[in-house]
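In what follows, every heavy atom counts, from backbone to side chain, and hydrogens, waters and symmetry copies are set aside. In each ligand, atom 1 is the first atom listed, and ligand 1 is the first ligand listed.
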Amino acid sequence: MSVLDAATKTAGASTTKSKKKRQHILINGKLFTQMQKIGKGGSSDVYCVQAENYKQFALKRVKLEDCDESAMRGFKGEIDLLEKLADVDRVVRLYDWELDNEKQTLSVLMEKGDQDLNRILTIALNGNDPRFDPVKTRFWWQEMLECVQAVHDYDIVHSDLKPANFLSVGGKLKLIDFGIANAIDVAHTVNVHRDSHIGTPNYMSPESIMDTNAPTPGGQRTTNNGSRCMKIGKPSDVWSLGCILYQMVYGRPPFAHIANQISRIMAITNPQVVIEFPDKGVGGVTVSSALKGTLRRCLQRNLQGRPTVKQLLSDPWLCPEAGNAVAMTEDLLGQIIEKVYERCRDSKRGLPPPDEVKQYPASFMSKIRHMVEHDGVIG
Ligand SMILES: Nc1ncnc2c1ncn2[C@@H]1O[C@H](COP(=O)(O)OP(=O)(O)OP(=O)(O)O)[C@@H](O)[C@H]1O
């Protein structure tokens, strides 16, 4: 669209007819009043619309003019997925959709959310005195995990997890934008088409960046229509979740400090580039060992080593910690007592002197923290 077109479309130069068109929309015969624009994606605009009963919905309008066949398949795939997930509480509800061949638009009517997580994080991180808040972070982390677990239960990999794709609906997070998600087939790995409008690589896993157009040892190839495909599995979603958690803690995703996009992409896939996990988060707030452990495990380039979302939901970091304390299990306490008992029974060394005993608490605590941070297990 030319600058003039754009100016006359949005300025008062529109006719009554076009004004009416903008304000009232029919979707499969049902009338809606178009309100304000509430979001914008790479391929769509999202509006708040009101039904005749005053109920509000979100309407995603996708312009199909410049879409090729594979992009069309992608949009259709998204609708199929949303229909399949209609009863999943953690996925934004699809109410209706309509393809207008004449106007070349796809309209998708959905449950309306309040704001996306990107907006929530931007406000929190750009405020006057931004500080990493473990309580809020734990809340959002659990919410995100519940969302992703809900789709993983259906063997669906979202594959484009980023803060903007989590929507807060009445204080509860829900997933949106299944544009490049796909059902997982055998071996929990799928080749997923990713079209040309890739945005930021900040949340993309190393394996999703690698070009898998070359045949793999497993013999899987990508599409034969020349489109670029990637190998994606549930662990890719876990990496992306780790990037979002990292952003909440340290103020930016792990590779966002690398300004050049190509260098950033190369850093994500290069195992020599080590991810730093500083002891202090945004505003100098201490980052617990358990949290660093969770981050480390999600952000492993070796995807087999990453925890599942189910494991993350019972991860030590989600268990409340008080200050410098660590979570204790019966098994772990048993191991500690046994170690002390063995030491006391060592006739060659004799009973431990008081100075040695005084060091036990600090020494055991540091070992437990190391176990939590590096192995994600206690006991
Ligand atoms: N149901 C909804 N309720 C409220 N806001 C929404 C809703 N769906 C989308 N949005 C807003 O619109 C933005 C874009 O939506 P969406 O991610 O679905 O579009 P897209 O064109 O598929 O984007 P992308 O370029 O990420 O593929 C979202 O980040 C969100 O802010």
Side-chain angles (χ1 to χ4, degrees), residues 25 27 32 34-51 55-68 70-83 85-86 88-97 99 104-123 140 143-144 147-148 151 156-182 192-204 208 227-228 230 232 236-237 240 243-244 247 253:
I25 305 156
I27 296 172
F32 295 89
Q34 184 172 309
M35 322 286 274
Q36 74 279 20
K37 194 195 264 194
I38 51 174
K40 187 166 176 53
S43 51
S44 65
D45 287 325
V46 182
Y47 297 90
C48 170
V49 295
Q50 189 165 281
K55 198 168 177 236
Q56 295 194 338
F57 299 87
L59 179 73
K60 180 165 164 174
R61 304 205 90 176
V62 186
K63 286 220 161 50
L64 302 172
E65 287 151 6
D66 305 319
C67 288
D68 59 14
S70 70
M72 283 296 289
R73 269 203 308 276
F75 294 133
K76 183 70 182 68
E78 176 168 16
I79 288 172
D80 288 347
L81 272 181
L82 287 176
E83 276 177 341
L85 299 171
V88 179
D89 183 43
R90 290 299 188 155
V91 173
V92 75
R93 182 80 195 247
L94 169 76
Y95 285 105
D96 206 354
W97 63 277
L99 179 64
Q104 291 272 289
T105 51
L106 173 69
S107 301
V108 185
L109 190 71
M110 297 171 284
E111 160 184 30
K112 182 181 160 292
D114 308 317
Q115 53 186 341
D116 65 51
L117 188 60
N118 188 45
R119 194 165 156 66
I120 295 170
L121 295 188
T122 306
I123 292 169
W140 291 125
E143 285 290 306
M144 287 192 290
C147 290
V148 181
V151 298
I156 287 166
V157 180
H158 186 283
S159 82
D160 191 23
L161 293 177
K162 54 187 180 187
N165 285 342
F166 287 94
L167 192 67
S168 168
V169 187
K172 195 171 186 179
L173 283 191
K174 300 199 179 198
L175 274 170
I176 53 169
D177 193 1
F178 283 77
I180 52 175
N182 219 321
V192 175
H193 168 80
R194 197 180 282 257
D195 67 20
S196 53
H197 80 263
I198 295 179
T200 167
N202 276 337
Y203 309 93
M204 286 169 70
S208 73
S227 62
R228 184 183 162 81
M230 311 162 302
I232 299 270
S236 293
D237 279 349
S240 306
C243 293
I244 303 173
Q247 177 177 1

Atoms of ligand 1, numbered as shown, that sit under 4.0 Å from any heavy atom of Ala58
1 (N), 2 (C), 3 (N)

Give the atoms of ligand 1, by number and element, whose distance to some non-hydrogen atom of Val92 is under 4.0 Å.
1 (N)

Have a look at ligand 1 and work out which part of Asp114, if any, has a heavy atom under 4.0 Å from it: side chain, backbone, both or neither.
neither

Side-chain (Ser208) to main-chain (Met204) donor-acceptor, under 3.5 angstrom
no

With sequence neighbours excluded, residues passing side-chain hydrogen bond (donor to acceptor under 3.5 Å, both in side chains) with Trp97:
Glu83

For ligand 1, indicate whether the residue Lys40 contacts it via side chain, backbone, both or neither (heavy-atom separation under 4.0 Å).
backbone

Mark up the atoms of ligand 1 that fall under 4.0 Å of a heavy atom belonging to Gly41, in ascending order.
14 (C), 19 (O), 20 (P), 21 (O), 23 (O), 25 (O)

Ligand 1 versus Leu167: contacting region, heavy-atom distance under 4.0 Å:
side chain

Per side-chain contact (heavy atoms from CB on, under 4.5 Å), Leu85 is matched among Asp80, Leu175, Ile156 by Ile156

Counting from 1 in the order shown, the ligand 1 atoms closer than 4.0 Å to a non-hydrogen atom of Asn165 are 17 (O)

So if I count the atoms of ligand 1 from 1 in the order they appear, which ones are less than 4.0 Å from some heavy atom of Lys60?
16 (P), 18 (O), 19 (O), 20 (P), 22 (O)

Could you go step by step and tell me if Leu117 and Ile120 meet the side chain to side chain contact (heavy atoms under 4.5 Å, CB included) rule?
CA-CA 5 Å; Leu117 188 60; Ile120 295 170; 4.3 Å; yes

Give the single entry among Glu78, Lys63, Lys112, Glu111 that approaches atom 1 (N) of ligand 1 most closely by any heavy atom.
Glu111

Under-4.0 Å heavy-atom contact with ligand 1, by part of Ser44 that carries it:
both

Element-labelled atoms of ligand 1 that are located less than 4.0 Å from some non-hydrogen atom of Ile38:
4 (C), 5 (N)

Test item: Ser44 side-chain N/O and Lys40 main-chain N/O as donor-acceptor pair under 3.5 Å
no

Within a distance under 4.0 Å of any heavy atom of Lys162, pick out the atoms of ligand 1 and give their elements.
26 (O)

Heavy-atom check, side chain of Asn165 versus side chain of Asp116, under 4.5 Å:
no

His158 side chain to Ile176 backbone, donor-acceptor under 3.5 Å
yes

Which residues pass the side-chain hydrogen bond (donor to acceptor under 3.5 Å, both in side chains) test with Lys55, sequence neighbours left out?
none

Polar proximity ligand 1 side, Gly113 side, N/O cut 3.5 Å exclusive:
yes

Pair Gln50, Gln56: side-chain N/O donor-acceptor within cut-off below 3.5 Å
yes

